[in-house]
There are 2 protein chains.
Amino acid sequence: MRRLPADEGSQAAGRVADVRRRNLSLVLDRIAARDPLAPAPSRALIAAETGLTKASVSSLVADLLAAGLLTEVGLSRDGERGRPGVGLALNDGLGVLGLEINVDYLAAGVVDLTGRVRIQVVEERINSGRGPEEVLRDLSDLSARVLSRAGQDGLRVLAAGLAVPGLVDAESAVVLDAPNLGWSRTPLDLAPLMPPGGRGATVALSNEANSAALAELWYGHGPTLRAYLFISGEVGVGGGLVFNGELFLGPGGHAGEVGHVVVTEEGSMCSCGGRGCLETVAGQEAVFAAAGTAGSTPAEKMERLLTALGGGDPAAEAAVARAGHYLGIAAASSARLVDISAVVLGGYFSRLGPWLLPALRASLATHAPRLLDTADVVLSELPQTAALMGAAGSCIRDVLANPQELMEQPPGAASAGA
Amino acid sequence: MRRLPADEGSQAAGRVADVRRRNLSLVLDRIAARDPLAPAPSRALIAAETGLTKASVSSLVADLLAAGLLTEVGLSRDGERGRPGVGLALNDGLGVLGLEINVDYLAAGVVDLTGRVRIQVVEERINSGRGPEEVLRDLSDLSARVLSRAGQDGLRVLAAGLAVPGLVDAESAVVLDAPNLGWSRTPLDLAPLMPPGGRGATVALSNEANSAALAELWYGHGPTLRAYLFISGEVGVGGGLVFNGELFLGPGGHAGEVGHVVVTEEGSMCSCGGRGCLETVAGQEAVFAAAGTAGSTPAEKMERLLTALGGGDPAAEAAVARAGHYLGIAAASSARLVDISAVVLGGYFSRLGPWLLPALRASLATHAPRLLDTADVVLSELPQTAALMGAAGSCIRDVLANPQELMEQPPGAASAGA
DNA sequence: CCATATAGTTCAGAACGAAAACTAATTACC
DNA sequence: GGTAATTAGTTTTCGTTCTGAACTATATGG
């Protein structure tokens, strides 16, 4: 019986040092997970929460302070007796660069370790049909502007992430298929986008819907949901599956493509070559066509559709309800296959909520009756640049999960790029 | 922003001893993953494969030998120069009990640590409609017979697993919903089924399709597949998702319910209360009805259907092709949502292969055109009791993953149950 | 001022894997 | 047959990490 190579090396030998890495990350997580309004946790509190001894936490915190990841923020007085604890917080002088290429805009921003978007620039620009070199040049300019402002604000930028509207291979930084940009099997030269002095070798490439799903996890409804399917309505219909606080990418990295779930047997041809995909009945083009919405750009059509809906236009209402119906079918199937307990609608779906949700809920009730007892359908409340926030957030999680990489070189030493 | 309780304690503090547990398990895995025909690996080989030092492997193996999990099996001569290594193998005097309750039979068996089914008894008996006490009593008798034979064969039985055709809550040993048995929210008293002297507190309860999917992983096509959806055709249609050598249960433990993926908008009512579920068009009843197959039991109908198919009966062929068509739609949707690269058909589907596969492949080609380039549709070759093997296999994996539990008490000491 | 309570540090101890030196067992070659 | 070469496995020493207990530090309450 032949076995796959992946079978062999899947597990690495455990070393004593791994325990340190895990516990460093554990301490950081306890501090990062804290509600910003709550008082900053002390060493003693972290010890009690994690099960580590006070001695261990002191040692771990000392390392993290030395690495510059944490800062001590005064005494935490709770009015109790005894020595007050010293509050610990993530160093908000550290941040990561988030980048986004979308069909009709480019965006760059810096998010600090606490998750606050400190700097953000969006540039409207139709990118569909433009070549990757051209687009990356523009993005690089935007990035340079943002990084310059970050320097002025005293922010050290550690890593960078880029979200694009298409399937990607993150390892090799290749856009496998981005029909709405017209890119296919397009390798991206991301090295020039890497902020100087950043740790790690390159910019993390991700799918836009996946990143938006993660933004929802960290900055949106995520903390109240255990498992959800994020459905992103842009020109195409993308998605992301989040389970237990983690994005589920699947073995090949392409999970969550809910836009190509089959929802109707006799559907029209999809850009993926299939038939009956959700995208063919709930994508922007399909809805605009069904509603009879005219306009020169997607944004313009969207405004007109909203106007028509506001005015009670029956064709518009029917078109959106039809999209909701099929979204419900896709959600029902997804819930059964992967056991999600919520659906979050993002992108243009979130603006259509009042007209979309009734049909979606009715459809769910028909096709997965008991699901609505425990599951929820909610609208995303994140801004347009959710994908940027998610791409940055991934980098932040990465830093917090591997703090030792920052500890090897003293925080003052700026690396000299080759 | 409210956070879920699960958010808090999800990570446990790392301890130095965890490294030991992980490495013990790593060594066991290297030995267990070995092809039974290949020579038994030596300490030195394991060291080279795992990246551990020879000293560490020696120490780990010494513990595992002392715990009775491993045995030394003579010298491994490869004709090379140098001192020959001592072959290491799993102790085949240790086994686990696998149990299965199905609609028309009960089964019990003992599988040893190497994965060989050493003892197995199947008792045909229609269980639908019978109460759980009655069924468990019969199963207990069967189990006692099997355990007695195991004792005669010198097999020590460490743990037990039970597969049932329905949704389960494994933690609380409750069958949430097993429509084909007529059980709903039925707690099972599994303590009496636990083999005396076994480690662990109770019998692991699992879903039959999930367990069959795991049996496929360990004893069927699994080793050659990276990620697959197992679709089990019994009275109902069940399923299991396997990624990277692990069953994906989803956050609530109910993932893989492919039988209730929506494949047709205007389908008939399903037992789950929904409409258009795969089960309503590819379940046994639907296919028998469409084919016009008569008979008093499902097994009898199945034989007649196969006879009709063998004779070229157009109604039978059309009925099975129709099932294949909808299986293809479900597979296409699943592939997009969770990025599987193969579909394995089990249960009664595997016997219908020649008539099912062409329609299934055609349907996949229509709805997910590029998928067949990289993905595969294969038939399970496992016996009827695949779920039993999978339930036992889970227990074996559990033992191999936590060998320290066996090391605390010397192998001779039989525990006295309360 | 002193008892009490809580926060945080220091230090010895145990568990573990890494590295290197060592012993053991076999083959190749003269 | 004897010796060098080669590979397997063990022993010893060391560094890392967490734990637990003792200790210091800093607050409140009378």
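Just so it is clear: chains get the letters A, B, ... in the order the sequence lines come, proteins before strands, and each one is counted from 1. Values in this document were obtained by computation on a predicted structure and should not be read as measured data.
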In sequence, state the C-alpha distance, the side-chain angles, and the governing distance for A:Ser59 and A:Arg20, and then conclude on side chain to side chain donor-acceptor pair (under 3.5 Å).
CA-CA 10 Å; A:Ser59 162; A:Arg20 187 72 171 180; 2.7 Å; yes
Does the side chain to side chain contact (heavy atoms under 4.5 Å, CB included) test come out yes or no for B:Arg226 and B:Asn244, once each step is laid out?
CA-CA 6 Å; B:Arg226 175 149 36 171; B:Asn244 293 323; 3.8 Å; yes
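- Atom pair A:Arg43:CZ and C:dT10:P shows a separation of 11 Å (rounding to whole Å applied).
- Here C:dC16 presents its P atom at 19 Å from CZ of A:Arg20, a figure rounded to the nearest Å.
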May I have the step-by-step check of side chain to side chain contact (heavy atoms under 4.5 Å, CB included) for B:Val27 and B:Asn23, ending in yes or no?
CA-CA 6 Å; B:Val27 168; B:Asn23 286 337; 5.6 Å; no
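- Closest to the side chain of A:Val86, out of D:dC18, C:dG8, C:dG17, is C:dG8.
- The side chain of B:Arg15 contributes no N or O atom lying less than 4.0 Å from OP1 or OP2 of C:dA15.
- The side chain of B:Thr53 sits closest to C:dA18 out of C:dC11, C:dA25, C:dA18.
- Checked for salt-bridge contact, B:Glu405 and B:Arg21 miss the test: no charged N lies under 4.0 Å from a carboxylate O.
- Of the candidate nucleotides D:dT11, D:dT19, C:dT9, C:dT9 has the atom lying nearest to any side-chain atom of A:Ser58.
- Atom-to-atom, CG of A:Asn23 to C1' of D:dT17 comes out at 9 Å; the value is rounded to the nearest Å.
- Atom pair A:Asp18:CG and C:dA15:C1' shows a separation of 15 Å (rounding to whole Å applied).
- B:Asp63 has its CG atom 13 Å from the C1' atom of C:dG17, to the nearest Å.
- Place A:Ala55 and B:Lys54 on DNA chain C by their nearest nucleotides, and A:Ala55 ends up nearer the 5' end.
- Comparing C:dT26, C:dC16, D:dT10 by their closest approach to the side chain of B:Pro84 singles out C:dT26.
- Formation of a donor-acceptor pair under 3.5 Å by the B:Arg34 side chain with backbone atoms of B:Ala89 is not found in this model.
- Side-chain proximity of B:Arg83 to C:dA7, C:dT23, D:dT11: nearest is C:dT23.
- The B:Arg81 side chain lies nearest to D:dA5 when the options are D:dA5, D:dT11, D:dT10.
- Side chain of B:Val19, nearest nucleotide from D:dG9, C:dT10, C:dG17: C:dG17.
- Rounded to whole angstrom, the span from the CZ atom of B:Arg21 across to the C1' atom of C:dA15 amounts to 14 Å.
- For B:Leu52 and D:dT10, the CG to P distance is 15 Å, given to the nearest whole Å.
- When the side-chain nitrogen and oxygen atoms of B:Ser42 are compared with OP1 and OP2 of D:dG9, one or more of them lie within a distance under 4.0 Å.
- Rounded to an integer number of Å, the gap from B:Leu24 CG to C:dA15 P is 15 Å.
- Distance from the side chain of B:Val16 is smallest for D:dT17 among the nucleotides D:dT17, C:dG17, C:dA20.
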